[in-house]
Amino acid sequence: MIQRRIYLEKLKKLQDTRLIKVLTGVRRCGKSTLLQLFREYLLQSGVEENRLISINFEDLQFEGLLNYRKMHDYVSQRLQEGKMNYVFLDEVQNVPKFQRAADSLFIKPNVDLYITGSNARLLSGELATLLSGRYIELAMLPLSFSEYFEMKREGNGLRGGDKRETVNEYFRLGGFPYAASISDDEIRTDYIRGIYNTLLLKDIVARKHIGNVELLERVIRFLFDNIGNIVSAKKIADSLSSAGTKTTPVTIEGYLEALMDAFVLYKAGRYDVKGKQHLKSLEKYYLVDMGLRRLLLGDPDRNIGFILENIVYLELIRRGFLVQIGKVDDLEIDFIAQSGSEKIYYQVAATVLDPVTFEREFEPLRKIKDNYPKFVLSMDELAMESDGIRQVNIIEFLLEGRTAKF
């Protein structure tokens, strides 16, 4: 079992706090495994097993609890009086009106509540209203490169240890935890195909009542092939329509929302650095895992710069940053990462050894006159600095994730 240390340490800090701990993220990113690791920690800390109440709502064993009142009664009957009880509700979005049961359990003084879900709507609507200020979200992602590298280096019967070889593998295969432990390429591909089909049919088509699955898959392929490009619903609709697949921007907007709700895509808005204002159009979308892209489009033999950009975007949000695309005059900054008063600017490129590429990546950062840190991340081994802008090897940047903060 892969130790998700950063997330596990966060749960340890939150133990017994008067907050509902809500773990969200794409299917198979490790939410259930994290709860299992935390339960093991509690047992090792001296918590009796009868004070750990766990329900996985995708397990047929608990099918009879897909009613919020029955689920509430099941948990209530098992609470140990006078002691803290730890309640784990896994994939709770499968229970209609689960929010009412969660609220009722939360107000009990002897309940520490943990819930997981694979849909962003888990924290919208009634739950957010009922529990305003009383929950904290831990947004999980598949394995970071530092976690992937550590797993490979420590063995598990797999080769690993060489940074360059391992990062190339990570870029190709992605970081779904169980997939990363499979050495056979055919079996791994079949496993990722299973994740994709579940996301497509269960989390998107069924939940959003989408009738035209073929159109949805065309949209997905378009987005997977255009990570790192500025797109809009109209641009996607026009592109598909010109290729013979008639659709409308309104339909595309619905599909984009569904893909983001299922944590397949993440949207990065744009920010005008000089004008100090958020721009309302032409966002970028990034993919949750490169393994899904390879499944649909094959090995990444092109657009490596955009793949690197996608990896860096995920790493920044994994470290707790709000990430936006920057605009300065008519130039673009790949990422503005903010957390509280902290702000960092990033450019991402496969290489900056060519003088033309060097100028293209450094020039937007030179135009920013504030004193916040500015970095150019590339695969180049040679570190350099120009006008206070540091060029850093992207592998070393990703390995810093071992100490990443929330």
Side-chain angles (χ1 to χ4, degrees), residues 1-25 27-118 122-123 127 130-131 133-140 143 147 150-151 154 156 177-178 181 406:
M1 188 181 298
I2 300 170
Q3 301 292 317
R4 308 300 299 273
R5 290 188 177 88
I6 295 174
Y7 297 115
L8 183 57
E9 290 303 315
K10 184 69 171 180
L11 283 184
K12 290 178 182 179
K13 291 180 181 180
L14 291 170
Q15 180 185 343
D16 297 335
T17 57
R18 293 301 298 158
L19 292 167
I20 296 178
K21 295 76 176 176
V22 183
L23 282 65
T24 60
R27 285 183 181 273
R28 304 295 178 262
C29 72
K31 300 185 297 295
S32 299
T33 300
L34 178 62
L35 289 186
Q36 183 179 339
L37 289 168
F38 186 60
R39 286 193 294 267
E40 291 175 0
Y41 161 76
L42 292 173
L43 289 170
Q44 293 168 5
S45 300
V47 176
E48 299 91 344
E49 192 163 359
N50 64 357
R51 291 199 279 141
L52 305 180
I53 304 168
S54 301
I55 305 173
N56 185 333
F57 291 102
E58 296 199 322
D59 188 335
L60 282 177
Q61 176 185 350
F62 299 108
E63 187 176 21
L65 302 181
L66 293 174
N67 173 286
Y68 77 94
R69 289 186 179 275
K70 291 182 179 179
M71 180 256 284
H72 179 270
D73 291 344
Y74 176 91
V75 173
S76 297
Q77 291 165 9
R78 287 162 174 75
L79 297 178
Q80 304 298 306
E81 293 292 335
K83 296 180 178 180
M84 182 61 74
N85 297 266
Y86 300 89
V87 179
F88 303 94
L89 306 178
D90 205 358
E91 298 297 347
V92 73
Q93 78 274 353
N94 292 321
V95 182
K97 300 182 180 179
F98 76 87
Q99 301 93 334
R100 298 184 183 182
D103 185 48
S104 180
L105 291 171
F106 170 74
I107 64 176
K108 298 180 185 297
N110 63 334
V111 170
D112 192 13
L113 183 58
Y114 301 77
I115 66 178
T116 80
S118 300
L122 184 75
L123 288 176
L127 180 63
L130 277 173
L131 304 178
R134 294 187 284 173
Y135 71 84
I136 185 168
E137 180 185 10
L138 278 72
M140 290 192 69
L143 298 176
E147 291 173 318
E150 183 176 352
M151 182 197 73
E154 289 181 355
N156 295 331
Y178 186 68
S181 70
F406 271 78

Answer whether the closest heavy-atom distance between the side chains of [X] and [Y] falls below 4.5 Å.
X: Leu23; Y: Leu11; result: yes
X: Glu48; Y: Gln80; result: no
X: Val87; Y: Arg78; result: no
X: Thr17; Y: Ile136; result: no
X: Lys31; Y: Leu35; result: no

Would you say the side-chain atoms of [X] pair up with the backbone N or O of [Y], donor to acceptor, closer than 3.5 Å?
X: Lys21; Y: Leu14; answer: yes
X: Asn110; Y: Lys108; answer: no
X: Asp59; Y: Asn56; answer: no

How long is the gap from [atom1] on [X] to [atom2] on [Y], to the nearest 0.5 Å?
X: Leu43; Y: Arg51; atom1: CG; atom2: CZ; value: 10.0 Å
X: Arg4; Y: Ile6; atom1: CZ; atom2: CD1; value: 8.5 Å
X: Tyr41; Y: Glu9; atom1: OH; atom2: CD; value: 8.0 Å
X: Asn94; Y: Glu58; atom1: CG; atom2: CD; value: 5.0 Å
X: Phe88; Y: Leu113; atom1: CZ; atom2: CG; value: 9.5 Å
X: Ile115; Y: Glu137; atom1: CD1; atom2: CD; value: 10.0 Å

Check your understanding: Do you know which two heavy atoms are closest between Val92 and Phe57, and how far apart they sit?
Key ->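 What the structure gives for the nearest pair is CA-CD1, 3.9 Å.
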
Exercise for review: Might you point out which heavy atoms bring Ser54 and Arg39 nearest each other, and give the distance in Å?
Suggested key: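 That closest heavy-atom pairing would be OG-CD, 3.2 Å.
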
Practice item. Tell me, yes or no, whether the heavy-atom count around Arg28 atom CZ, taken from other residues, nucleotides or ligands under 6.0 Å, exceeds 12. Key: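 No, the 6.0 Å shell around CZ holds no more than 12 heavy atoms from other groups.
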
Practice item. Could you please spell out the steps behind the side chain to side chain contact (heavy atoms under 4.5 Å, CB included) verdict for Val47 and Met84? Key: CA-CA 9 Å; Val47 176; Met84 182 61 74; over 6 Å; no

Practice item. Apply the test side chain to side chain donor-acceptor pair (under 3.5 Å) to residues Glu91 and Ser118: give CA-CA distance (whole Å), side-chain angles for both, the deciding distance (0.1 Å), then the verdict. Key: CA-CA 7 Å; Glu91 298 297 347; Ser118 300; 2.7 Å; yes

Please table the atom pairs, donor to acceptor, closer than 3.5 Å between any side-chain atom in residues 62-72 and protein atoms at least two apart or in another chain.
unit_1: Asn67; atom_1: OD1; unit_2: Arg69; atom_2: N; d: 2.9
unit_1: Asn67; atom_1: OD1; unit_2: Lys70; atom_2: N; d: 3.1
unit_1: Tyr68; atom_1: OH; unit_2: Arg100; atom_2: NH1; d: 3.4
unit_1: His72; atom_1: NE2; unit_2: Ser104; atom_2: OG; d: 2.9

Exercise for review: Please assess Ile53 against Leu79 for the test side chain to side chain contact (heavy atoms under 4.5 Å, CB included), listing each intermediate value before the final yes or no.
Suggested key: CA-CA 8 Å; Ile53 304 168; Leu79 297 178; 3.8 Å; yes

Check your understanding: Could Arg134 and Phe106 be counted as a cation-pi pair, given that NZ or CZ must be under 6.0 Å from the ring centre and within 45° of the axis?
Key ->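 No, Arg134 and Phe106 do not form such a contact.
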
Exercise for review: Decide yes or no on side chain to side chain contact (heavy atoms under 4.5 Å, CB included) for Glu147 and Met151, but give the supporting numbers first.
Suggested key: CA-CA 6 Å; Glu147 291 173 318; Met151 182 197 73; over 6 Å; no

Practice item. Using the side chain to side chain contact (heavy atoms under 4.5 Å, CB included) rule, take Asp103 and Gln99 through it: C-alpha gap first, then chi angles, then the decisive distance, then the call. Key: CA-CA 6 Å; Asp103 185 48; Gln99 301 93 334; over 6 Å; no

Exercise for review: Check whether the ring centres of Tyr114 and Phe38 lie less than 6.0 Å apart, and answer yes or no.
Suggested key: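 Aromatic pair counts; centres sit under 6.0 Å.
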
Practice item. Apply ring-ring contact (aromatic ring centres under 6.0 Å, His included) to Tyr74 and list each qualifying residue two or more places apart in sequence or on a separate chain. Key: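 With neighbours one apart ignored, the set is empty.
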
